[in-house]
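In what follows, every chain begins at residue 1, and chains take the letters A, B, ... in the order their sequences are listed.
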Amino acid sequence: MKKYIKDLQVVNKQILSAEYYLLELSSNQPLPEVLPGQFAEVEITGSDATFLRRPLSVHDVDYDKNTISFLVQIVGKGTKHLANIEVGKILNVIFPLGKGFELIKSSENALLIGGGCGIAPLLYLARHLKKQGVKVSTLIGVRRSSQLIELDNYKKYGDVLITTEDGSEGTKGYVVNHPVFENLKQYKKIYTCGPEVMMKAIAKRANESRVDCEVSLENMMACGIGACLCCVTETTEGNKCVCTEGPVFNIHNLKWQI
Amino acid sequence: MKKYIKDLQVVNKQILSAEYYLLELSSNQPLPEVLPGQFAEVEITGSDATFLRRPLSVHDVDYDKNTISFLVQIVGKGTKHLANIEVGKILNVIFPLGKGFELIKSSENALLIGGGCGIAPLLYLARHLKKQGVKVSTLIGVRRSSQLIELDNYKKYGDVLITTEDGSEGTKGYVVNHPVFENLKQYKKIYTCGPEVMMKAIAKRANESRVDCEVSLENMMACGIGACLCCVTETTEGNKCVCTEGPVFNIHNLKWQI
Amino acid sequence: MADLKVNIGRLELKNPVLTASGTFGYGEEFADFIDLNRLGGIIVKGTTLHHREGNAYPRMAETPSGMLNAVGLQNKGVDYFIEHIYPRIKHYDSAIIVNVSGSIVEDYVATAEKLASLDKIPAIELNISCPNVKEGGMAFGTSCPGAKSVISAVRKVYPGSLMVKLSPNVTNIAEIAKVAEDEGADSVSLINTLLGMAVNAETRRPVLSTITGGLSGPAIKPVALRMVWQVYNAIKIPIIGLGGIMNATDAIEFFLAGATAIQIGTANFIDPQVTIKVIEGINEYLDRHNLKSVKELTGALQVVK
Amino acid sequence: MADLKVNIGRLELKNPVLTASGTFGYGEEFADFIDLNRLGGIIVKGTTLHHREGNAYPRMAETPSGMLNAVGLQNKGVDYFIEHIYPRIKHYDSAIIVNVSGSIVEDYVATAEKLASLDKIPAIELNISCPNVKEGGMAFGTSCPGAKSVISAVRKVYPGSLMVKLSPNVTNIAEIAKVAEDEGADSVSLINTLLGMAVNAETRRPVLSTITGGLSGPAIKPVALRMVWQVYNAIKIPIIGLGGIMNATDAIEFFLAGATAIQIGTANFIDPQVTIKVIEGINEYLDRHNLKSVKELTGALQVVK
Ligand SMILES: Cc1cc2nc3c(=O)[nH]c(=O)nc-3n(C[C@H](O)[C@H](O)[C@H](O)COP(=O)(O)OP(=O)(O)OC[C@H]3O[C@@H](n4cnc5c(N)ncnc54)[C@H](O)[C@@H]3O)c2cc1C
Ligand SMILES: Cc1cc2nc3c(=O)[nH]c(=O)nc-3n(C[C@H](O)[C@H](O)[C@H](O)COP(=O)(O)OP(=O)(O)OC[C@H]3O[C@@H](n4cnc5c(N)ncnc54)[C@H](O)[C@@H]3O)c2cc1C
Ligand SMILES: Cc1cc2nc3c(=O)[nH]c(=O)nc-3n(C[C@H](O)[C@H](O)[C@H](O)COP(=O)(O)O)c2cc1C
Ligand SMILES: Cc1cc2nc3c(=O)[nH]c(=O)nc-3n(C[C@H](O)[C@H](O)[C@H](O)COP(=O)(O)O)c2cc1C
Ligand code: FES
Ligand code: FES
């Protein structure tokens, strides 16, 4: 797929919580096709503390409005700086990058599991799956209910299930403590993104239940386009770049001890 | 004199021309005494291209409004970045730094000569001289008339004489081509700030006419407080820091070949 | 439009802008962003005799105005390059130069010999300076005898243009450059990365799997410029300068310090179109300064003694 | 409030934060901004046997995340220090350490001898690594025999705590550190500045009067951390780490890599109160991590082998 480098304009910024914000960017040319699970490398303009671009998953694309959006969690210098960008400003973005999720076919069931900021790529995925006629359930795991964001958006494409570590909403515990894990076989496929320990726990259960499972990795990246070889993960075929061969991998191709 | 490090708030920004702007900063505490010719070290907040602070002369202090102002010329990365600061923002400033001009006594005549951005420290100087009863003439030299800024402010404290290199206003030529140089002896003292070649030409003429002359130097500075020894100029007593022993020097103490 | 052609010994480049090994893949990765045929040259990934998996993840740390990497020469080996990659890239109208690495002299020699047979590879860059591999690599680049052993052995089997890439992690880089010249290298390129380290204060662990790694980016530009200047004053063969070049002004600084051509590395990660902008910027500078050829800039630093 | 005391051989510091020579004047310059008595130590300007005018202006260039300097040890000589400056600063309740430089071994020795007589100077820092003077200086710091000659000579006449400041412009810094340890130094401090250069592309002149100068600031932090780690693995005497420390997190990275104490240099120019902020930040870190003493951090990097 052809990659683009574009100056996009911030047309909307929404502070969702102390930790999360949403950026909606628009282009003066029609946006290219973007697949669910792909990501972008965003320049952090005018930040004196960051040097490299930052990889962000495509959260949604609205071809009617010609906008692309990112859901960002503030974790460090770059994501903090970006939170202060003003509507109207320009961000230089390289996209679409990487390979997306492999979609399943109509009338099958999919379980999408997002932990923390890992929900970012799942919205656009849910939208595509639903369009194909897949029945989507999205399981979102957070520490406390105040971290639950954008639920209504996810509900547009299917059920939303919730776990909170403190039990303040939904099932108490981690995502794997949710009752759906007692009957995983109802799903044709699990798609997940979030902290590695969460994804490994899910992969183990998926593996035990012989349910197909794709995970989206967030390795540290310098270039995002396969040039630096910094972002590798060990696969059954040796070290592979997460930015070009991923970020989505089928768990059977990873060398996770599960 | 005690030095302060303070967070000051931008209360006014005036774009004077494509090259010049004025920043007016206020403090939440009463401003300390500042002498004409002193300067400040200003942090260039949020600039990814600059590392050190930037030295700027005190252009004016208004104790009634509790504000301090700087006249800045855009010459590079830092001064350009600062031009985009918005009213309301905070700048961290170390001031007052260096030694100021030595004021002459009541009823004597002073000639102030500013070249380009060198006019910056002369406004506050003119204000002080006038208050002491000194008769002030300010000679401003620029390339073309469009670079003439703030004339009305200088006129508050005395005559304003002008030279332009292209002859578009005032005397055509450099400042030393102005008729006042034919009768320099009418002045008790000359105060000047601007490009070194200009100041040297003035120093030569002052020397010839045996008129006392102080120049304000703009050496490259790393600290502004006498700690790094980067900003030295050769004096009759060896290398001296411009930031602590200057920026104002009497030409007799410099080892200029004039 | 000034003349941008430069000569690296017998090798003529259409302009002095090359891409640095390990930062530009095989060029293809950038084909969506720029016209690769406009580059003076493309120096492809560090290539070794045998396939190498490289170091474990994590391999990267961001640092002030720079980054550390610990890739460790991951590549599929020279045979794979010749069979699968070379056919895809040989048609580029830019000099394709292969960066050659090894752990023992014999590996360097065998790799260089294989590459010598390729029509469209006019030069190799001998990497005697990689800080990210346990054995060899940098060891060859940090002592005169080490450098001599590998350069002279490769020179015997490699008839093409031989560029030797020097390590900055030495007391006296001019000394090593002199060895390269004496052993018959056609040019030297410098600098490779400075050995550095990053620590995560919260986890109390090194950020890189290898603890130390190679520092690149604008942070190292002052060191790179100094070394180019030192080497320029010590040898006569052409110098290819690199280290932290982000724009045309940086490139011109390297020419003035003594470089005949330059390479752009880390900057490609931040702006995949930077190489073209640098070519255009050099041209603009030459026009503005009324210079006919970029060659006039090499070593043109005006020093008052 | 954790215990911030550290021991540099026989010298106890009330906390591990010192100021780097040449960046903090004689301390007095900062008296308006901070309480100097709160510092672990103040390392004053490079002091030589005789008065030195230093290098010609310009002496400074800003670089990406750093700066170059070419001050060249401007100072009034050790006698002036003893007579005029020492009386003004000796009452500070921080260890006052004098940085000693020279061009020949005899000068180092004579300077150290004079300083040995001062009650309130518990230590000297032997600067065998200054890149900004023509003769001596760095030459002593870039070879083992050179280092040995000056350290052993000074050790004979100086009974106080002897800190040797190492140059980073070497192939193997651990080797030089070992010499310092073997010759009886009480501690080593590292790193001094990296030799660098800046060029003005428009005027085509070097920015510094000396063409090359010393690079400091965050740009060099990765190199400094790596060297501290290498030296920590090679010697047993305490290490004082420095190079680009801007905040408490940076300081903690140096402790983890092996430093017992740290120095803050260039950061003082940007924030004259940075030293106090670092002391407070270290304390906050220790409390947050439930550590009783800063000593627990030294070399505590968790390395998975
Ligand atoms: C393919 C991909 C998609 C991603 N999608 C999203 C998303 O949609 N929304 C979102 O909020 N975050 C996403 N991330 C993570 C995001 O890139 C990091 O949170 C961000 O780079 C941190 O930058 P920072 O300057 O705020 O943090 P820093 O101050 O640089 O570091 C803070 C922490 O973030 C980690 N980190 C720093 N740089 C990177 C990097 N380049 N790659 C990965 N981790 C890094 C560090 O290990 C450190 O622990 C994604 C990462 C990848 C690789
Ligand atoms: C005591 C003093 C008072 C000054 N007062 C004023 C003033 O009132 N208004 C004003 O507009 N300017 C003043 N200057 C000059 C001003 O400090 C420089 O123009 C500014 O630092 C340039 O920063 P920059 O990032 O825009 O330029 P850069 O991109 O850093 O460089 C552009 C040019 O400015 C010069 N320069 C860079 N840094 C410094 C520095 N620290 N000191 C001196 N020159 C430098 C460089 O040589 C270069 O040629 C003063 C300088 C001094 C020393
Ligand atoms: C991710 C990465 C990988 C690199 N791989 C190689 C390599 O394989 N061979 C080599 O000689 N240099 C390699 N280098 C060094 C660069 O070619 C270059 O010498 C260095 O990065 C300095 O230039 P820069 O600051 O422009 O990046 C690599 C650098 C980076 C950042
Ligand atoms: C302006 C300046 C002057 C310096 N003078 C000396 C000196 O006289 N003696 C010395 O040993 N180091 C000197 N140094 C080096 C510093 O002490 C320190 O080793 C170096 O700057 C790295 O630390 P930093 O990055 O925290 O500044 C000087 C550094 C600067 C920036
Ligand atoms: S981030 Fe550079 S190869 Fe993946
Ligand atoms: S600028 Fe540091 S001493 Fe003057």
**Request:** Spell out, as yes or no, whether a donor-acceptor pair under 3.5 Å connects the side chain of D:S65 to the backbone of C:A219.
**Result:** no
**Prompt:** Which of the residues D:P64, D:P168, D:A251 is involved in the greatest number of heavy-atom pairs with chain C at under 4.5 angstrom?
**Reply:** D:P64
**Item:** Best-contacting candidate, C:M246, C:M227, C:H289, C:K221, against chain D by heavy atom pairs under 4.5 angstrom
**Value:** C:H289
**Fill in**
When the 4.5 angstrom heavy-atom criterion is applied to D:F255 and chain C, the contacting part is neither
**Item:** D:E284: partners by salt bridge (charged side-chain N to carboxylate O under 4.0 Å, His left out), with sequence neighbours left out
**Value:** D:R288
**Prompt:** In terms of heavy-atom pairs under 4.5 Å, which option from C:L256, C:L301, C:I252, C:N172 contacts chain D the most?
**Reply:** C:L301
**Nearest-0.5 Å distance that lies between atom OG1 in D:T63 and atom CG in C:L225** = 10.5 Å
**Message:** Other residues, nucleotides and ligands only: do more than 12 of their heavy atoms fall within 6.0 Å of NZ on D:K148?
**Reply:** no
**Request:** Determine yes or no for a side-chain-to-main-chain donor-acceptor pair under 3.5 angstrom, with D:T142 supplying the side chain and C:T171 the backbone.
**Result:** no
**Asked** Could you walk me through whether D:Q230 and C:T212 pass the side chain to side chain contact (heavy atoms under 4.5 Å, CB included) check?
**Response** CA-CA 10 Å; D:Q230 286 179 323; C:T212 61; 5.7 Å; no
**Fill in**
Among residues 197-204 of chain D, those lying within the under-4.5 Å heavy-atom range of chain C are D:M197, D:A198, D:V199, D:N200, D:A201, D:E202, D:T203, D:R204
**Prompt:** Do D:L195 and C:V223 pass the side chain to side chain contact (heavy atoms under 4.5 Å, CB included) test, and can you show the C-alpha distance, the side-chain angles, and the key distance before you say yes or no?
**Reply:** CA-CA 6 Å; D:L195 195 60; C:V223 174; over 6 Å; no
**Request:** First locate atom CG of C:N169, then atom CG of D:N169, and finally report the distance between them rounded to the nearest 0.5 Å.
**Result:** 11.0 Å
